[in-house]
Amino acid sequence: SGKTISIDFDKFESGDANILLILGLSASGKSTIAKKLAPLYNAKAKDLDDCYWDIKDIEDKKERKQKKLECIKNIFKSNKRLIIEGTAILDLPFKIVKEYPVIILGSSAMKSAYRFINRNIQDKTPLNIDYAIKKNFGEDYQDIAKFKEDRIKIGGKVQEFKEPNR
């Protein structure tokens with residue numbers, strides 16, 4: 001939880017960086033912010049969940065993980081201006097993602113879990129409450145906190161993120 005921050009957002013705004021990352025818990029608003037920012041910065045919003053949907057039918061766990069990482073790495077190889085969002089950012093080695101400007105959403109785990117469950121009900125998606133709670137209060141919460149801490153340590157312009165009014 002906490003405030004939504006950006007690190008080196010000015011580099012994306014100025015065009016010095018072609019990729020902006022958005023990181024946050026499930027259902028914290030990553031896609032919404034990416035879709036709002038994309039037209040303002042002549043960029044394409046890319047949801048890393050797409051990589052999951054492309055490989056979900058692969059039965060072998062190791063092969064599925066490998067294909068997902070390949071998909072994610074291919075997105076990063078693009079020379080287009082992109083706003084990449086998703087917790088799958090955390091699946092990549094820190095040395096790869098540390099270079100990019102990032103927005104880290106400060107949504108609370110409870111609020112995100114509620115939104116996740118509510119969204120699944122609305123979309124009539126099979127509901128896995130245990131998964132929602134485990135993701136938002138466990139793995140992702142800790143991984144995002146560690147990413148934030150490590151990213152701040154290496155430097156860059158850290159500030160509270162406010163959506164641009166353009």
Side-chain angles (χ1 to χ4, degrees), residues 3-58 63-107 111-112 115-116 118-120 122-125 132 135-136 139-141 143-148 150-152 154-166:
K3 291 183 172 152
T4 294
I5 65 163
S6 66
I7 304 171
D8 293 333
F9 184 66
D10 56 316
K11 290 181 180 177
F12 184 74
E13 284 184 299
S14 69
D16 288 344
N18 241 8
I19 292 177
L20 171 67
L21 306 178
I22 301 179
L23 190 56
L25 296 172
S26 298
S28 60
K30 298 178 299 292
S31 298
T32 302
I33 290 177
K35 287 173 189 167
K36 283 182 184 176
L37 293 179
L40 298 178
Y41 295 101
N42 195 25
K44 182 177 183 333
K46 188 68 181 152
D47 182 346
L48 291 183
D49 282 352
D50 293 346
C51 289
Y52 167 76
W53 296 115
D54 290 348
I55 53 102
K56 70 177 177 38
D57 294 330
I58 297 173
E63 183 186 354
R64 192 170 55 239
K65 185 177 181 178
Q66 182 185 348
K67 293 281 186 194
K68 181 179 174 187
L69 278 175
E70 282 175 24
C71 175
I72 294 167
K73 285 179 180 177
N74 285 335
I75 291 168
F76 276 83
K77 288 178 186 171
S78 170
N79 56 7
K80 294 179 182 156
R81 196 155 163 77
L82 297 174
I83 298 174
I84 301 172
E85 59 90 0
T87 55
I89 289 166
L90 299 168
D91 292 341
L92 293 170
F94 184 71
K95 67 182 182 184
I96 292 174
V97 293
K98 72 178 185 178
E99 304 298 323
Y100 297 104
V102 62
I103 297 169
I104 303 171
L105 302 183
S107 176
K111 190 177 196 178
S112 291
R115 286 178 178 166
F116 177 87
N118 196 39
R119 181 171 63 194
N120 282 358
Q122 304 238 333
D123 294 345
K124 294 180 175 64
T125 307
K135 287 285 279 176
N136 281 330
E139 301 161 10
D140 287 354
Y141 186 83
D143 291 347
I144 291 167
K146 172 123 177 63
F147 177 92
K148 181 178 178 179
D150 291 347
R151 185 60 183 80
I152 289 170
I154 63 167
K157 185 176 179 181
V158 179
Q159 58 192 35
E160 186 175 347
F161 178 75
K162 302 277 188 212
E163 287 185 41
N165 293 327
R166 289 209 227 159

Rounded to the nearest 0.5 Å, what separates atom CG in D16 from atom CG in D10? 8.0 Å
Closest heavy-atom pair, G24 versus I144, reported as atoms and distance to 0.1 Å, is C-CD1, 3.4 Å
Give me the atom names and distance for the closest heavy-atom approach of K98 to K95. CG-O, 3.8 Å
Which pair of heavy atoms, one from S28 and one from L105, lies closest together, and at what distance? OG-CD1, 3.5 Å
Before you tell me yes or no, could you show the steps for L69 and L92 under side-chain contact (heavy atoms from CB on, under 4.5 Å), namely the whole-Å CA-CA distance, both residues' side-chain angles and the distance that decides it to 0.1 Å? CA-CA 7 Å; L69 278 175; L92 293 170; 4.1 Å; yes
Rounded to the nearest 0.5 Å, the OH atom of Y41 sits from the OG atom of S14 at a distance of 10.5 Å
Would you say F161 and E163 make side-chain contact, with heavy atoms under 4.5 Å? yes
Roughly how far, to the nearest 0.5 Å, is NZ of K146 from CZ of R151? 14.0 Å
Could you give me the CA-CA distance, side-chain angles and deciding distance for V97 and L23, then say whether side-chain contact (heavy atoms from CB on, under 4.5 Å) is met? CA-CA 11 Å; V97 293; L23 190 56; over 6 Å; no
If you draw the axis of the six-membered ring of F12, does the NZ or CZ of R81 fall within 45° of it and under 6.0 Å from the ring centre? yes
K30 side chain to L25 backbone, donor-acceptor under 3.5 Å: yes
Going by heavy atoms in the side chains, are I84 and Y100 under 4.5 Å from each other? no
Which heavy atom of P101 sits nearest a heavy atom of I19, and at what distance? CD-O, 3.2 Å
Closest approach of L40 to K36 (non-hydrogen atoms, all atoms of both residues): CG-O, 3.5 Å
Note, L48 side chain near D91 side chain (heavy atom, < 4.5 Å): no
Atom pair CD1 (I7) and CD1 (I154), whose distance is rounded to the nearest 0.5 Å: 8.0 Å
Going from CG on L20 to CD1 on I103, what distance comes out if it is rounded to the nearest 0.5 angstrom? 4.5 Å
Donor-acceptor contact present, side-chain N18 to main-chain N79, <3.5 Å: yes
T4 (side chain) donor-acceptor with G106 (main chain) under 3.5 angstrom: yes
So do E85 and I33 actually touch side chain to side chain, heavy atoms under 4.5 Å? no
Per-pair distances, 0.1 Å, donor-acceptor, side chain in residues 70-77, under 3.5 Å, sequence neighbours excluded:
residue, atom, partner, partner atom, Å
E70, OE2, Q66, NE2, 3.3
N74, ND2, E70, O, 3.2

Spacing of L21 atom CG and E99 atom CD [to the nearest 0.5 Å]: 11.0 Å
